[in-house]
Amino acid sequence: MASPRTDLATTPLAYLEPVGLSPVEANAILALAGRNNSTVQWQRPPPDSAPDVYVAHLRSVDLPEDGTDSIPPWSIDRYPPRVVVDERGRYQGRPVCLVGGCENNHLAWNSKDAESIGELNAGLRFAAAQLSRQRIRYALARAAWLNRDTWATSRLHLLSHGQVMAMIDPASGRVHLRRSATAIQIERVALQVLPARPVAHSPEFETLPMASVLWELARRCNEEALPRLLPPALLKSRLMRASPLPIPMADLDEQSQMILGELDQTPLTVAQLRSKCKLPEPTLTRALAGLAISQATHAVSTGLSAQRIFGHMLGWLPGWQR
């Protein structure tokens with residue numbers, strides 16, 4: 001039996017970036033956020049990756065109702081740059097979790113103060129609620145991947161109180177999601193396995209590429225589970241880019257685009273990729289897992305048996321050898 005620590009976590013990773021905070025405040029907030037994992041698992045984003053949410057102190061924030069004359073000079077010197085939040089409560093297109101609104105932490109966030117901790121936890125809950133799309137995709141992908149042994153012959157229905165919230169159809173490589181479905185509903189569904197058959201179009205459902213949904217699993221699963229998304233031989237193989245990707249290049253993160261750019265030029269081992277791309281091991285493994293797992297649906301459409309789907313999911317790297 002697999003160790004629970006290597007199983008896919010039920011909650012996805014979410015990336016939190018402190019901005020306008022001192023190093024002490026930032027480290028304390030990240031440590032506390034890492035224990036606040038009821039709906040997502042907060043951690044700092046990988047290098048050169050955009051966060052899902054920023055966290056900032058009000059002393060460093062310019063709100064829409066603030067004028068530029070309201071910025072005290074000492075703030076500019078002490079905490080550059082300013083965090084300019086728009087009318088939607090976003091900074092650089094991402095939600096912002098604000099701290100510093102309590103009487104005891106106007107000037108600095110205090111990790112020892114109960115009111116400050118409560119304020120942060122409330123802000124993180126609000127921020128997690130804004131990550132509905134990411135949470136839904138992770139829950140769909142997790143349900144699909146854990147039941148991949150049924151892909152060759154079945155489709156999956158995800159039910160909430162008897163109502164179909166989503167249909168996962170591996171044969172067509174599509175996921176049909178009820179437009180009104182919430183993250184909480186998808187995270188708490190009951191699973192029903194039915195014989196594979198075409199899914200009739202309904203305006204109540206939106207259609208998602210299964211490959212892009214699975215990509216979310218590789219991007220947001222717990223680090224301990226990553227090796228289980230890749231055949232062990234992959235890390236010892238010579239890789240090359242040959243077949244078309246199952247998702248648009250523009251939908252890939254920067255690390256994956258870098259890897260594919262290198263493989264476009266010449267076949268490389270993982271060790272050579274690591275040397276050329278200068279990516280940390282977890283970042284490299286996660287990018288490779290995303291590229292491989294998102295290709296898994298192509299094995300279904302070629303009529304492979306359930307036992308061979310996993311072994312043939314690396315269609316985008318046909319040159320790999322043991």
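If you read the sequence from its start, that first residue is 1, and numbering goes on from there.
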Under 4.5 Å between side-chain heavy atoms, counting indirect links through other Ile/Leu/Val/Met/Phe/Trp/Tyr residues: same cluster for [X] and [Y] or not?
X: Tyr138; Y: Met167; result: no
X: Leu58; Y: Val83; result: yes
X: Leu21; Y: Leu30; result: yes
X: Phe205; Y: Leu177; result: no
X: Phe126; Y: Leu63; result: no

Is there a donor-acceptor contact under 3.5 Å linking the side chains of [X] and [Y]?
X: Tyr54; Y: Gln92; result: yes
X: Ser212; Y: Arg137; result: yes
X: Ser49; Y: Gln255; result: yes
X: Ser116; Y: Glu119; result: no

How close do [X] and [Y] get, heavy atom to heavy atom, and via which atoms?
X: Pro18; Y: Leu16; result: CD-O, 3.8 Å
X: Pro45; Y: Tyr15; result: CA-CD2, 3.5 Å
X: Gly100; Y: His57; result: CA-NE2, 3.4 Å
X: Leu146; Y: Asp149; result: O-OD1, 4.4 Å
X: Ala141; Y: Val213; result: CB-O, 3.2 Å
X: Arg286; Y: Asn222; result: NH2-C, 4.3 Å

From CA spacing to verdict: side chain to side chain donor-acceptor pair (under 3.5 Å), Gln272, Ser275 = CA-CA 5 Å; Gln272 290 170 324; Ser275 176; over 6 Å; no
Say whether, by atom type as modelled, one donor and one acceptor occur between the side chain of [X] and the main chain of [Y] under 3.5 angstrom.
X: Gln192; Y: Leu159; answer: no
X: Trp151; Y: Ala144; answer: yes
X: Arg59; Y: Leu107; answer: yes
X: Arg142; Y: Leu8; answer: yes

From the options Ile168, Leu191, Leu194, Leu156, select the one residue that forms a side-chain contact (heavy atoms from CB on, under 4.5 Å) with Thr150.
-> Leu156
When rounded to the nearest 0.5 angstrom, what distance separates [atom1] in [X] from [atom2] in [Y]?
X: Ser172; Y: His176; atom1: OG; atom2: NE2; value: 5.0 Å
X: Gln185; Y: Ser180; atom1: CD; atom2: OG; value: 6.5 Å
X: Arg228; Y: Ile293; atom1: CZ; atom2: CD1; value: 11.5 Å
X: Thr11; Y: Leu13; atom1: OG1; atom2: CG; value: 8.0 Å
X: Trp215; Y: Met210; atom1: CH2; atom2: CE; value: 16.0 Å
X: Leu279; Y: Thr285; atom1: CG; atom2: OG1; value: 10.0 Å

Look at atom CZ of Arg174 and say whether more than 12 heavy atoms of other residues, nucleotides or ligands are closer to it than 6.0 Å.
-> no
Determine, step by step, whether Asp169 and Arg197 satisfy the salt bridge (Lys or Arg N to Asp or Glu O under 4.0 Å) criterion, reporting the C-alpha distance in whole Å, the side-chain angles of both residues, the deciding distance to 0.1 Å, and the verdict.
-> CA-CA 8 Å; Asp169 184 21; Arg197 65 177 185 270; over 6 Å; no
Are [X] and [Y] close enough for a salt bridge, meaning some N to O gap below 4.0 Å?
X: Asp52; Y: Arg135; result: no
X: Arg82; Y: Asp62; result: yes
X: Arg179; Y: Glu204; result: no

Are any non-hydrogen side-chain atoms of Asn110 and Ile117 less than 4.5 angstrom apart?
-> no
Assess Arg148 against Trp145: is NZ or CZ under 6.0 Å from the centre of the six-membered ring, and within 45 degrees of the ring's axis?
->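 Because its charged atom sits under 6.0 Å from the ring centre and within 45° of the axis, Arg148 does stack over Trp145.
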